[in-house]
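In each ligand, atom 1 is the first atom listed, and ligand 1 is the first ligand listed.
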Amino acid sequence: MIPVLSRAQMRAFDAHAIEVAKVPSIVLMENAGRGAAERILELLGEAPRREPAGAAGAAGANARRAPGAGGAPLAAPDDRRRVVIVCGAGNNGGDGFVVARHLWARGHRPSVFFCGKPDKLSQDARVQRDAWVGLGGAVKVLAQSSDLEVLKAELGHAALVVDALFGTGLDRPIVGTSAEVIALLNAASAPRVALDIPSGLDSDTGVPLGPTFLADWTLTFAHPKLGLLTPSGLRHAGHVEVVGLGIPSDVPDQVGYAAELIEQRDVAQWLSPRAADAHKYSAGHVAVLAGSAGKIGASLLVAHGALRAGAGAATIVTWPDAVDALQARVLEIMTAAIRPESIAASLDAALRSKRAVVLGPGFGFDEAAGSALGHVLATWRGPLVLDADAMTLLSSSRDGSGDPSRGGSREFAKLLDSPSSRILTPHAGELGRLLGTSSDAIEADRFHAATEAARRTGSVVLLKGAHSVIASPTGRMVLNVRGTPALGTAGSGDVLAGIIGALASHLEPLEAACAGAYLHAEAGRVAADGSDRGIVASEIADGVAAVVRGLLRR
Ligand SMILES: NC(=O)C1=CN([C@@H]2O[C@H](COP(=O)(O)OP(=O)(O)OC[C@H]3O[C@@H](n4cnc5c(N)ncnc54)[C@H](OP(=O)(O)O)[C@@H]3O)[C@@H](O)[C@H]2O)[C@@H](O)CC1
Ligand SMILES: [K+]
């Protein structure tokens, strides 16, 4: 997993490197700018492209303008088509001057602009500005609106635009000339690269504080920043890549980190090969408490997801009329009925010898469904994935206006005492109802929402959305930024619940949720085959087997 740092943790990292490890700050800045310049040269087609590093792969999201799709060079070197770099007065601006010097050393003639008060230049940025000027480089100052014409003209034939205005030091909206500069940079047709973080973005929440640079690539230093990995952050940051500062990767263990980013190798490690003598029950038998009359598709997708992710067997445990409707549809899947007149006894029989339970998709949220959930919460001691209608049942009021903190639903009260190991998989609307707030409030700070929900429910919470946030009750937070917009299709969440159910048969709840999010996202990407739409949920389930196969062969 890759540590993801908050603004304060990045400052602590900085201080540790400088004061404890005795690496001079100017060296860190040199490493940052030099690493960024090397990557920019690659983007310009001057060196072989390497695989994205770090958060990387975080295929970000500004697909609308993502340059060089598939890693193709952006532009051939051309003396007239220059790299335009706009530097601010802080250390982010200092990084920009270093980039300029290294590009010059490689035969480019970058156009360097400065926007800010010269007397506010940070000490290191001044050193780097002087080194650039000392070598004969020019700096065009953008002090007022009339200076912007020069920038506008340069942007008209720029090969690439570099934003070095503000980094993690930004703490308020950008106004005045700097805001006008950002508008001009965003209007340029050349590819745009942000150093460390797009200027204007809050580095903790990923919310734009005001006018914000819209990057195609963000070259972030040392470690990904929290705000780059929210849906809004990724929309502004584009493809996120990490540029190292020459500092060993264990420093975050000492200064702390806010979250971790799932890597392919984590998931590969969790997926241990089956024993040679494995049989269908030792591989994990998942009970799928899902579906109801008219909604049996949901239960089939859960079971399908579970089997494709490696469950040895799946049994759909549902209402008698749904069982009747399922009989004609199932081949590899078994069924068992929950008799409304003897819910507890039916469930006790159906859950015997199962390894994991998935409860919710299409299950209904009437009295009978509430009783079934209540009984499972009170008696089931194994892994339990709660999704969809289970979320509604847990919210204090079934019309969705509940606030469990003020009493909560009957089922919510049982959740806290349940002997099961729970994984909740809500989307923002469901989590809003569960926490007694709106989905907008959840989206405004997904990190806080997921960690708060995990704490309040004593469960692992996987907050679905463009990029999932997985939080554990102990405060650990893991992010999955893989995926594709094509995953937004009916039944996609049902498949995810099934995948997690299968994995939870063998893994700890947090690992199962993380691996499930990764496999689901990768399977969607494979199924979509480069498109951003048009797949159906069963194709995601089918894709999981191939992704698992690829990881086991590693
Ligand atoms: N971490 C590391 O190890 C390394 C980090 N490095 C780099 O340093 C960057 C952080 O640098 P930084 O702290 O100097 O802040 P930066 O973002 O350049 O802002 C400058 C100043 O602007 C001000 N200001 C704030 N908001 C404002 C606004 N809206 N409008 C106007 N002014 C505003 C505020 O000063 P104030 O006006 O509040 O006194 C602030 O201090 C980091 O992102 C990375 O690129 C690398 O060099 C190498 C190693
Ligand atoms: K920046």
Side-chain angles (χ1 to χ4, degrees), residues 5-21 23-37 40 85-99 113-129 142 161-182 185-186 192-204 208-228 233 236-238 240 242-248 251-252 255 257:
L5 275 62
S6 68
R7 187 171 189 251
Q9 288 160 341
M10 206 54 219
R11 283 195 189 284
F13 176 97
D14 215 2
H16 181 93
I18 296 165
E19 285 152 29
V20 180
V23 182
S25 59
I26 198 76
V27 171
L28 296 176
M29 186 179 279
E30 183 68 21
N31 289 347
R34 182 179 191 147
I40 287 167
I85 305 173
V86 183
C87 302
N91 288 336
N92 196 252
D95 301 336
F97 289 118
V98 180
V99 168
F113 291 84
F114 174 77
C115 186
K117 296 195 179 102
D119 60 325
K120 286 204 114 187
L121 256 179
S122 76
Q123 200 181 348
D124 288 343
R126 186 179 298 277
V127 169
Q128 300 293 6
R129 192 269 322 258
L142 300 166
V161 175
V162 179
D163 156 38
L165 266 173
F166 295 101
T168 51
L170 186 90
D171 57 6
R172 52 191 186 272
I174 298 173
V175 294
T177 311
S178 299
E180 293 180 62
V181 167
I182 288 192
L185 300 184
N186 284 348
R192 295 185 286 260
V193 175
L195 297 187
D196 208 21
I197 181 158
S199 296
L201 201 68
D202 184 305
S203 50
D204 281 350
L209 288 171
T212 300
F213 185 71
L214 193 57
D216 296 306
W217 296 85
T218 293
L219 306 178
T220 198
F221 300 127
H223 288 277
K225 316 295 178 291
L226 213 43
L228 291 174
H236 288 84
V240 178
V242 175
V243 169
L245 296 180
I247 300 293
V251 170
V255 302
Y257 48 89

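- For the side chain to side chain contact (heavy atoms under 4.5 Å, CB included) test, residues two or more places apart in sequence or in another chain that qualify with Pro118 are Phe114.
- Residue side and main chain included, Phe166 places an N/O/S atom under 3.4 Å of the K ion (ligand 2).
- Taken to the nearest 0.5 Å, the CG atom of Asn91 stands 3.5 Å off from the CE atom of Met29.
- Closer than 4.0 angstrom to ligand 1 lie heavy atoms from Met10, Arg11, Asp14, Leu28, Met29, Gly90, Asn91, Asn92, Asp95, Lys120, Phe166, Gly167, Thr168, Gly169, Leu170, Asp171, Arg172, Pro173, Ile174, Asp196, Phe221, Leu245.
- Our summary of the site lists the angle at the K ion (ligand 2) between OD2 of Asp163 and OD1 of Asn92 as 140°, to the nearest 10 degrees.
- Backbone or side-chain N, O or S atoms of Ile197 reach the K ion (ligand 2) at under 3.4 Å.
- Expressed to the nearest 0.5 Å, how far CD1 of Ile197 lies from NZ of Lys225 amounts to 7.5 Å.
- Considering CG of Asn31 and CG of Asp95, their distance stands at 10.5 Å, rounded to 0.5 Å.
- Between the side chain of Asp196 and the main chain of Phe221, a donor-acceptor pair closer than 3.5 Å is present.
- Annotation: ring pair (Phe, Tyr, Trp, His ring centres under 6.0 Å) contacts of Phe13 (sequence neighbours excluded): His223.
- Under the rule for a salt bridge (charged side-chain N to carboxylate O under 4.0 Å, His left out), the partners of Arg34 that lie at least two apart in sequence or sit in another chain are Glu38.
- Between Pro211 and Val175, every side-chain heavy-atom pair lies at or beyond the 4.5 Å cut-off.
- With a cut-off of 3.4 Å, the K ion (ligand 2) has an N, O or S atom of Leu195 in range.
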